[in-house]
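For reference, the structure is listed below as C-alpha cells.
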Amino acid sequence: MSSQLDLDHPLFQRISHWINLINFLFLGITGWFIHSPYQGMPMSLVRNLHFIFMYLLIINGIVRFYYSFFGKHKDYDTFFFNSQDLKTTWPQIKYYLFLGKHPKTGKYNPLQKMAYIALPIMAVVQAVTGFILYKPVQLASLADSFGGLAAVRGFHYLLMWLFIAVIAVHLYLVFTAAYEQFLFMFFGKIRKEKSV
Ligand code: HEM
C-alpha cells in the first residue's frame, strides 16, 4: 500500500480556471452588446475587447489542453469516462433530483465529466464560428458549410446561451453541493490519497 500527496487543484489549474472565468465574462458581455447594442455605445471598443478576449480564450485553452496531458500535474485521466462512470451516471442524476444518495465517484462525477468535456468542445465550435464572423471573406466556404453567414451568427449567439446555461448549473452546484471545492479553487488544498 502506498500513500501520495495530491493537490486538489494545483496552482496551474487554478490560474487557468480563473483566467477562463474572466475570458468568458468579457466575451459574454461584449458579445451580448455586439448582438444588442444601444445608442451611443462605443462599439469599436466593445468589438476590440471581444477580439482581445477571444485570443486569450484560445491561448488559455491550448495551454490548458497541453498541460492536462504533459504538465507536472497532468490530469487528463480525471476527465475520461470509465466503466465505473457508466454505473454511477443514473444514481448521480437521481442524487441531483433529490431521489437518492450520492454515489461513490472519483474526483469528478460522471455528469461533471460530461460538462467539463462539453465546455472545451463548445469553445472550439465558438472559436470556429467566431473566426468565420471575423474573416467572412476569407472563410466564406466554411460559412457555406454552416448554411451561410446568418446561420453562423445565429449559431454563435445560441452557443452563448448554452455557455450561460452550463455555467449557471456549474455555479448552482458549486454553491449548493460543493462549496468546499469553491474554496479549494482559490487555495488549492492538499489531499492525502491512498492507493492499494
Ligand atoms: C474564440 C472564441 C470567439 C471568437 C473567435 C469570437 C469572435 C466573434 C466575432 C468576430 C464576432 C462578430 C463581431 C462583430 O461583428 O462586430 C462575435 C460576435 C459575438 N460573440 Fe463571439 N467570439 C468568440 C467567443 C465568444 C464567446 C465565448 C461568447 C459568449 C459566451 C461570444 C458571444 C458573441 C455574441 C453574442 C456575438 C454577437 C453575435 C450576433 O451578432 O448576434 N463569443 N464573436
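Position 1 is the first residue of the sequence, and the numbers go up from there. Just so you know, ligand 1 is whichever comes first in the structure, and atom 1 is the first atom listed for that ligand.
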Ignoring hydrogens and angles, state whether a donor on the side chain of [X] or [Y] is under 3.5 Å from an acceptor on the partner side chain.
X: Q112; Y: H170; result: no
X: Y55; Y: N23; result: no
X: Q13; Y: H73; result: no

[X]: numbered ligand 1 atoms lying under 4.0 Å from its heavy atoms:
X: F24; answer: 27 (C)
X: F51; answer: 10 (C)
X: I58; answer: 1 (C)
X: F131; answer: 5 (C)
X: Y134; answer: 10 (C)
X: Y157; answer: 35 (C)

_Has Q126 got a side-chain atom pairing as donor or acceptor with H156's backbone, closer than 3.5 angstrom?_
yes
_Donor-acceptor contact present, side-chain R64 to main-chain S16, <3.5 Å_ = no
*What are the two closest non-hydrogen atoms of G28 and M160, and how far apart are they?*
O-SD, 4.0 Å
Can you report which non-hydrogen protein atom sits closest to [atom], along with the distance?
atom: atom 2 (C) of ligand 1; result: A127 CA, 3.6 Å
atom: atom 40 (O) of ligand 1; result: R153 NE, 2.6 Å
atom: atom 41 (O) of ligand 1; result: H35 ND1, 2.4 Å

*Kindly compute the distance separating CG (L133) from OG1 (T129), expressed to the nearest 0.5 Å.*
6.5 Å
_From CE (M114) to CD1 (I121), nearest 0.5 Å_ = 12.0 Å
*Under 3.5 Å, N or O to N or O, is R47 touching ligand 1 that way?*
yes
*Does F184 have any ring-ring contact (aromatic ring centres under 6.0 Å, His included) partners at least two apart in sequence or in another chain, and if so, which?*
none
*Got a sec, which residues hit ring-ring contact (aromatic ring centres under 6.0 Å, His included) with F81, two or more places apart in sequence or on another chain?*
none
*What protein N/O/S atoms sit under 2.8 Å from atom 21 (Fe) of ligand 1, by chain and number?*
H50 NE2, H156 NE2
*side-chain hydrogen bond (donor to acceptor under 3.5 Å, both in side chains) contacts touching residues 82-91 (sequence neighbours left out)*: D85-K113
